[in-house]
Trainee: 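First the structure, then my questions, so here it is.
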Amino acid sequence: MSSRRPGLILSLCAWLMNPLPGTTADTAIFRDASAETGLDFVHFNGMSGQFYFPEMTGAGGALFDFDNDGDLDVYLVQGSMLGEDRSLEDALFQPRSTPVNDRLLRNDLIRSGKSTGELSFQDITKQSGLTMAGYGMGVISGDYNNDGWVDLYVTQYGSNHLLKNNGDGTFSDVTQEAHTTDNQWGTSAAFFDYDRDGWLDLYVANYVAFSIGENKTCYAKSSRQDYCGPSAFNGLHDRLFHNLGNGRFEEVSDQLMVGYEPRAGLGVITADFNQDGWIDIYVANDGQANQMWINQQGQKFSDNALFAGTAVNIQGRAEASMGVDAGDFDRDGDPDLFMTHLMGETNTLYSNLGRGLFEDRTLFYGLGVNSFPFTAFGTAWLDYDTDGWLDLFVLNGAVTELDPLVRKRTLYPLNQPNQMFHNKSGKGFSEIVYSPDSPIRDSYVSRGAAFGDVDNDGDLDVLVFNNNGPARLLLNVAPKSRTWVGLRLTGKDSGRDMLGAEIYLDRAGKKQQWYRSGTDGSYCSANDPRVLFAYPDEPQEYSLQISWPDGSQEKRPLPPAAQYTEIRQADDSH
């Protein structure tokens, strides 16, 4: 702790000098395109007045290209009634002819290999053979069987499901035969290749041991009944499934995760945090110390979070970690971490000092006080204005009832506005202030969020999943500071997205910026695996340094600007 006192003093000084950073946006950044594109979905959390804990946690969804046509389709995770009485569920949904199950929407921006020029979504849930019901939580995407078609793993309060993409527009539930069954309370998950054998393995975070039959009663400070917190329950055991390459997995959690202790897992991100060439796992635990599982060359994992400085905040306190993302916000060539937390805490920025050592620089960079009044879940680093510096999107929604909304008799009194923070060239962040009618400031109970280029125009859009509310597609319409380049990194044999591949912008042999291909991160959601970044002002001085998941390295020239380029791993990469 003594070694962190100088950082704390600097952070407090920075906060006192600039306690309420803010900048007014002169132009719009996002617009809500949900209605015009046919994205019509309302999440149902089964709220029954019993204050069942899962009602509050909310769900996520996926942006993924299920039909390989070059645009991002949508998977929406749905809830249900909890307990045996389904009468309320029927009363709410039957009159609206809305199915109480997950939904798959096809993006028709590209059809038959050609751009239609019109972004629109078609509900093809029935045609796809997907009949997923139950109490959904999250989803992760990845081609687990290397057949070139993206598959899904769906987590639930109950039984999780591995959905195999058949390549003909349909999916099959292969959970039992793949040996990926987990009947706990799954939240976020990640597909990644931890042992470099060319097959995607699977990590599943589990939350707490809540039981409908033994529902606990908790109270707010006002003495009215309210939702319990995670401390009222025991944490559950996460799962690490090793892909055997024959369509089956083997659980290896106890064998590989040294000294594992069950905790209340909500967020997961995988990346090579210590830059040794092996992909690691970071788990955001609610109200308990976070875990940073450092990969020991595919043989085992060791929790290095306390030594690395990512287990607790700068004050030595565990926080109510929900969402997480990794990105190189300061452009020094390594992954930094951003975490979302509970109202009354602050969100947390862990700056990577190199070789997997981090420091909590939240207050120093101006990200502390503005997050204090909110409870945040989904999040992502994204360069919304293509100036070459990663900004932050944060989705908010309370977990206990808010007194002002209770007094207004709001049906679900947890809604809070979302936030965006502008990166000031790596020197700090300022919250972007919008008019009340901005789609970013719209007040819902936001939980998951998936990030990807839905309209293929070279910037990240956001699909917001609101708990007991409508899903909303926010298209990025911000003016671009510079042109862009998009990359899809694929394997030399399978052609699948090489999740875990890392890209550096190399200038005269110096790695200046770090990016990765991955679908994990945020909260309970799956993201676009393609990599987007601003094109350098002097492109002739730059090249791409690619670190593939199998540990090989490859150098490539900078591809053309203002388009997506597929880079397939070379046979002779080394």
Side-chain angles (χ1 to χ4, degrees), residues 25 27-41 60-76 103-124 141 150 378 380-387 390-391 393 395 418 420 438-440 442 448-465 470-489 497 515 517-519 521-522 525-535 559-566:
T27 55
I29 293 178
F30 291 97
R31 67 179 181 87
D32 188 344
S34 309
E36 69 190 63
T37 59
L39 201 153
D40 180 17
F41 176 84
L63 286 172
F64 75 122
D65 186 2
F66 93 93
D67 51 2
N68 283 348
D69 64 355
D71 57 28
L72 294 174
D73 310 296
V74 173
Y75 188 89
L76 299 151
R103 291 168 64 190
L104 176 65
L105 306 184
R106 185 189 65 216
N107 186 347
D108 284 345
L109 180 66
I110 299 176
R111 297 295 296 158
S112 302
K114 297 181 179 180
S115 175
T116 65
E118 180 180 356
L119 177 65
S120 63
F121 293 95
Q122 301 296 322
D123 190 331
I124 59 167
S141 59
V150 183
W381 297 101
L382 75 167
D383 182 7
Y384 74 85
D385 54 357
T386 62
D387 66 352
L390 292 177
D391 312 294
F393 197 109
L395 291 100
N418 299 323
M420 275 201 68
S438 166
I440 295 178
D442 283 353
F451 297 82
D453 189 0
V454 178
D455 50 4
N456 284 345
D457 67 347
D459 50 36
L460 284 183
D461 309 301
V462 187
L463 183 56
V464 179
F465 307 103
R472 298 166 63 243
L473 177 62
L474 305 185
L475 291 182
N476 190 331
V477 294
K480 293 179 173 61
S481 301
R482 289 191 281 172
T483 191
W484 57 277
V485 62
L487 302 175
R488 184 186 177 206
L489 304 176
D497 292 296
Y515 300 93
S517 174
T519 60
S522 189
S525 300
N527 305 299
D528 187 352
R530 297 175 296 180
V531 176
L532 270 173
F533 56 87
Y535 210 66
Q563 68 179 51
Y564 280 98
T565 299
E566 179 179 348

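Quick caveat, the model's predicted, so the values are computed rather than measured. Note that these values count all heavy atoms, side chains included, but never hydrogens, waters or copies made by symmetry.
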Trainee: Taking the side chain as everything from C-beta on, heavy atoms only, tell me whether Asp391 gets closer than 4.5 Å to Asp383.
Mentor: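 Heavy-atom side-chain distance check passes, below 4.5 Å.
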Trainee: Are any non-hydrogen side-chain atoms of Leu105 and Ile124 less than 4.5 angstrom apart?
Mentor: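 No, their side chains stay 4.5 Å or more apart.
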Trainee: For Ala380, does its backbone N or O pair with a side-chain atom of Ser522 as donor and acceptor, under 3.5 Å?
Mentor: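 Looks like no, no N/O pair under 3.5 Å.
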Trainee: Short question: side chain of Asn527, backbone of Phe451 - any donor-acceptor pair under 3.5 Å?
Mentor: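 Flag set: sc Asn527 to bb Phe451 pair under 3.5 Å.
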Trainee: Contact between Asp453 and Tyr564 at the side-chain level, heavy atoms closer than 4.5 Å - yes or no?
Mentor: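 With C-beta onward as the side chain, the pair touches.
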Trainee: Measure the NZ-CG distance between Lys480 and Asp457 for me, rounded to the nearest 0.5 Å.
Mentor: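 Answer for the NZ-CG pair, Lys480 versus Asp457, is 4.5 Å.
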Trainee: Look up atom CZ in Arg111 and atom CG in Asp69, then write down how far apart they are to the nearest 0.5 Å.
Mentor: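 Spacing of CZ (Arg111) from CG (Asp69) equals 6.5 Å.
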Trainee: Using the benzene-type ring in the case of Trp, are the ring centres of Phe30 and Phe393 under 6.0 Å apart?
Mentor: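 Yes; Phe393 has its ring centre under 6.0 Å from that of Phe30.
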Trainee: Does the Ser517 side chain pair with the main chain of Pro529, one donor and one acceptor, at a distance under 3.5 Å?
Mentor: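 Checking the backbone N and O of Pro529 against the side chain of Ser517, a donor-acceptor pair under 3.5 Å is found.
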Trainee: Please say which of Asn456, Asp65, Asp497, Thr565 ends up in a side chain to side chain donor-acceptor pair (under 3.5 Å) with Arg530.
Mentor: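 Single side chain to side chain donor-acceptor pair (under 3.5 Å) partner of Arg530 among Asn456, Asp65, Asp497, Thr565: Asn456.
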Trainee: Checking side-chain contact (heavy atoms from CB on, under 4.5 Å) against Leu463, which of Val454, Leu39, Leu72 comes through?
Mentor: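 Result for side-chain contact (heavy atoms from CB on, under 4.5 Å) with Leu463: Leu39.
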Trainee: Just wondering, do Leu487 and Tyr515 contact through their side chains at under 4.5 Å, heavy atoms?
Mentor: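 No; the side chains remain at least 4.5 Å from each other.
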Trainee: What is the distance from atom CG of Asp40 to atom CZ of Phe121, rounded to the nearest 0.5 Å?
Mentor: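 Output value for this atom pair is 12.5 Å.
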Trainee: Measure the shortest side-chain to side-chain distance between Asp459 and Trp484 over non-hydrogen atoms and say whether it is less than 4.5 angstrom.
Mentor: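 No, every pair of side-chain atoms sits at 4.5 Å or beyond.
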Trainee: Please identify each residue that fulfils ring-ring contact (aromatic ring centres under 6.0 Å, His included) with Phe64, with sequence neighbours left out.
Mentor: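 ring-ring contact (aromatic ring centres under 6.0 Å, His included) check on Phe64 returns nothing, list empty.
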Trainee: Could you report the tightest heavy-atom contact between Leu395 and Gly448, atom names first, then the distance?
Mentor: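 So the minimum-distance heavy-atom pair works out to CD2-O, 4.1 Å.
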Trainee: Within a strict 4.5 Å, meaning less than it, do heavy atoms of the Val74 and Leu63 side chains meet?
Mentor: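 Contact flag for Val74/Leu63 side chains = yes.
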Trainee: Determine whether Asn476 and Tyr384 make a side-chain contact, defined as any pair of heavy atoms from C-beta on separated by less than 4.5 Å.
Mentor: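 Yes; the side chains approach each other to less than 4.5 Å.
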Trainee: Does the side chain of Thr386 come within less than 4.5 Å of Thr483's, by heavy atoms?
Mentor: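 They are not in side-chain contact.
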Trainee: For the CG atom of Leu473 and the CZ atom of Arg31, what is their distance to the nearest 0.5 Å?
Mentor: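 So the CG of Leu473 and the CZ of Arg31 are separated by 8.5 Å.
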Trainee: Are the side chain of Arg482 and the backbone N or O of Tyr535 linked by a donor-acceptor pair below 3.5 Å?
Mentor: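 Answer holds: yes.
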Trainee: For the CG atom of Leu109 and the OG atom of Ser120, what is their distance to the nearest 0.5 Å?
Mentor: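 If I round to the nearest 0.5 Å, the distance is 8.0 Å.
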Trainee: If you round to the nearest 0.5 Å, how far is CG of Asp67 from CZ of Arg106?
Mentor: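 It is 7.5 Å, given to the nearest 0.5 Å.
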Trainee: Please confirm whether the backbone N or O of Asp108 pairs with a side-chain atom of Thr116, one donor and one acceptor, at under 3.5 Å?
Mentor: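 Checking the backbone N and O of Asp108 against the side chain of Thr116, a donor-acceptor pair under 3.5 Å is found.
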